[in-house]
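First the proteins, then the strands, lettered A, B, ... as listed; each starts at 1.
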Amino acid sequence: MVKSAGHPSARAARSPSVARVSLLIPTHALPSLSYGIPERLGPAVRPGSVVAAPLSGRPRLGVVVGTEDGQSAREYVLSVADDLSLPSRLVEVCRRVCEKAAVPLPVVLRAALPPGLETGRYRVLKPDRAWPWRTGEVVARAVLERALGPDALRAAAAEGRIELAPAPPRPPLVEWAVVRAAANPDLRRAPRQRELFELLKERGGASPTASLLAETGANRGALRELVRRGAIRVVRRQQAAPTEATEGDRAVARDVQPFLRLARRAVKSGGTFLWRTPAREEPDAVAAVVWATLEGGEQALVLAPEIGVVESVVGRLRRALPAGYTVAAFHSGLGRGRTAVYEAARGGAVDVVVGTRTAALLPLARPGSVCVVDEPSEGHRAEPGYEGLPVHVRDIALERGRAEGASVFCLSPYPSLRISAPEVRRRERIRQLPVRRSDAWPGVRIVDMRGSGAVFSSTLIEACRRHRDEGKRVGMVANRLGYATAVSCTRCGAVKRCPNCDLPLALGGRTGPLVCVRCGHKETNTGRCDECGSDRVVPTGLAVEHLREYLAEHLGEPVGLVTAASRDLADAPAVVGTAHCILEDDWDAVILPDVDAFLLASAVGAVERSYRLLHGAAEAARELLLVQTRVPEHYALRAGVRGDYEAFAAVELPRLRALGYPPFAHLAALTFEGSGSAVRRTVESRLRPALEPGVEMSAVVPVGRAGKSFLWRVLLRSNGRPAVARAAALAARLAAGTHGLKARVEVDPEEV
DNA sequence: AGCACGCCGACT
DNA sequence: GTCGGCGTGCTC
């Protein structure tokens, strides 16, 4: 559905109003450009319209980000793709996200458009006689370019023979069975076919064949036979949005009731809220917010950090919400099926969308509320340089609240300090709902490991054995994958380091080799200390495999393993795994044998993560939380095992302020890929002189390599987020214009 | 002087 | 992203 300006004749003589267009070219280097609005397109061109406009003589797809009156422009908007246009308030959200996060505006806008949108396809309007394509056919730019050559392609576009035809990917086709009119087959001696036919009639005479076959257990032969008899037709239809109808299950809804009054009040008053509830109550709090939103006739968007959580929240909402509403999931795992959900959300046909970060900018016809589930999770932000925006979902949600008037809820027992700090809450007008504490708390044992070289204390081993003997389950958290992060001498304490990079060498397998994670240096593990000559060099840094082996030895029976990559013997009485995989489950006892690896990590943000780990571990443990440490008085440890978030914040916030870290100052992490000389030249002679006052920049530090090229890290810091974002955007622009240099930019990363 | 190549900035 | 201008440096 593209409205075209009939070519140059349509250019109005009097000065037309002007559209600012952000062309969908993913670069920092191209600003929004001004184009005239031809008279006949006038009303269709508004902020949010998706339009075609020429750049360097060829049409490009872009989004109108603003309109002005009076000025004239040399080039004109060519056409409008009405069926793709975004709500203008969402464009406002995209603009603010772009400014705050130093992500090019076209990249942010692209994230708000349908996934997989083809921007480089043309519809053939008036084919030349020599062309192999017919009128109305849609052809990819690459195909046209190969066949015609770039000049003829441009000429064809200028002559109006072809027209840019953006199209979201079509939903996949699904096979349907449809009863033929007046069909009355004799199925007395064909029970399978009869069953199929009856079920199909029960469903109103049309149904996807997959579910018919699954439900009756019939095979395709029975279906084919019905077709042969002329009883049914098999047709292919576009898959409808995979929405689910709510059920209003009373028993499940009862769990939601305690949250409902609060949620109704908050949704009604509007604004941004922190809601601290125990992790296991989060789905019910979300259900209450969604419920209250639907009562107001608006749509709810729920954002979860990963696909598994999305699916479980969808299931919970489907059962808990009153009957008569629709819920849909939106995440990358749905492939092309996502398009239909996108359309349904944009058109207001679905009431609730639950999605991963890819859904953060999903257009909604009636935006009512946005819930960020497990707010501090790092899954809410894409790694810079990979697909998706390197922006935390909470920041997008906050902007949606402001621009679209949606109520925003950030849920977690332990929200990130950058959103819960009193200064931030005041500045951003974030209100805190009454805190709900876990009603059960396990017993806590903190085992002081000072003066012990052992991996496991006797307390730990006894606790494991006791739980095992009582038929209870123990979950143990490891901090690393693999076997060991380093080897050190038990006599003098020296750590074996890489001769090139000075980094501790990691142990690849039980007996070696020793490998450098940065430069790839490899050596055999001799077990001998280079410093004191002892032969007592042993693995340290308790990685998953090692812990598992060790624990199995002590218990005299196999121990389970759960990581993102593998699940083995997950039902064993004792299971070792990564923090993420262990803590999403419930255990009788949770054991953190090496919490110091988290507490003492050098990254700022690591302490906060440790607090969450401890608090989360306590919530996941029914009876016992056991922690081994050499810093038993550490504030994050003491507060974490009690779930005392306020006590932790009271110490950590002043520390962050003193260090000049978010939320008290803002950072941008720049990662450059290229030769050291190119990086230093760009950073020192071009970026540094251009920095605004108040923006500090660190030195260039090597941080490893990506394949053949080297990676370098530079940190920018400023009191104001806009200033640091501008500097980061400048860095990205400089790198984009420098041959052999790539930059990835992240403003206020979760951890530095 | 004439031309190839690569860098840089403009493009609306 | 893509193009053209222009400066550098090489060849005829």
Across all chains, not counting sequence neighbours, the side-chain contact (heavy atoms from CB on, under 4.5 Å) partners of A/E383 are A/Y386
Contact check, residues 93-111 of chain A vs DNA chain B, heavy-atom distance under 4.0 Å, returns none
Under 3.5 Å between N/O atoms: give me all the protein pairs with nucleotides 7-9 of chain C, atom names plus distance.
none

Would you tabulate the side-chain donor-acceptor contacts of residues 105-112 of chain A under 3.5 Å, counting partners in other chains and residues two or more places apart, or write 'none'?
unit_1 : atom_1 : unit_2 : atom_2 : d
A/R110 : NH2    : A/L117 : O      : 3.0

Worksheet item: Got A/V21 and A/V51 here, is their nearest side-chain heavy-atom distance under 4.5 Å?
Response: yes
Would you call A/R123 and A/E137 a salt bridge, using N to O less than 4.0 angstrom?
-> no
In short, side-chain hydrogen bond (donor to acceptor under 3.5 Å, both in side chains) pairs touching residues 355-371 of chain A with sequence neighbours left out are A/T293-A/S369, A/T356-A/T358
Numerically ordered, the residues 47-66 of chain A set in heavy-atom contact under 4.0 Å with DNA chain B is A/L55, A/S56
Sorted by chain and number, sequence neighbours left out, side chain to side chain donor-acceptor pair (under 3.5 Å) with A/S377 holds for none
Residues at least two apart in sequence or cross-chain that pass salt bridge (charged side-chain N to carboxylate O under 4.0 Å, His left out) with A/R121, listed by chain then number, are none
5'-most to 3'-most nt of DNA chain B touching chain A (<4.0 Å, heavy-atom partner on protein side) reads B/dC7 to B/dT12
| said: Quick test of your reading of the model: are A/R402 and A/E399 salt-bridged, counting only N-O distances below 4.0 Å? | reply: yes
Separation of C/dG1 atom P from A/L164 atom CG, nearest Å, is 17 Å
Practice problem: Flag the pair A/E684 and A/R688 as a salt bridge only when some basic side-chain nitrogen lies within less than 4.0 angstrom of an acidic carboxylate oxygen. | Solution: yes
- Message: Mind checking if A/R733 touches a base, just sugar-phosphate, or nothing, with heavy atoms under 4.0 Å?
- Response: nothing
### Message
Taking A/R58 first and then A/E145, would you say they form a salt bridge - that is, a charged N and a carboxylate O separated by under 4.0 Å?
### Response
yes
Applied to residues 330-347 of chain A, the side-chain hydrogen bond (donor to acceptor under 3.5 Å, both in side chains) test, sequence neighbours excluded, yields A/E311-A/H331
When we call it a touch if two heavy atoms are under 4.0 Å apart, what does A/L30 touch: a base, just sugar-phosphate, or nothing?
base
Those residues at least two apart in sequence (or on a different chain) that pass salt bridge (charged side-chain N to carboxylate O under 4.0 Å, His left out) with A/R721 are A/D395, A/D748
Sorted by chain and number, sequence neighbours left out, ring-ring contact (aromatic ring centres under 6.0 Å, His included) with A/H380 holds for A/H392
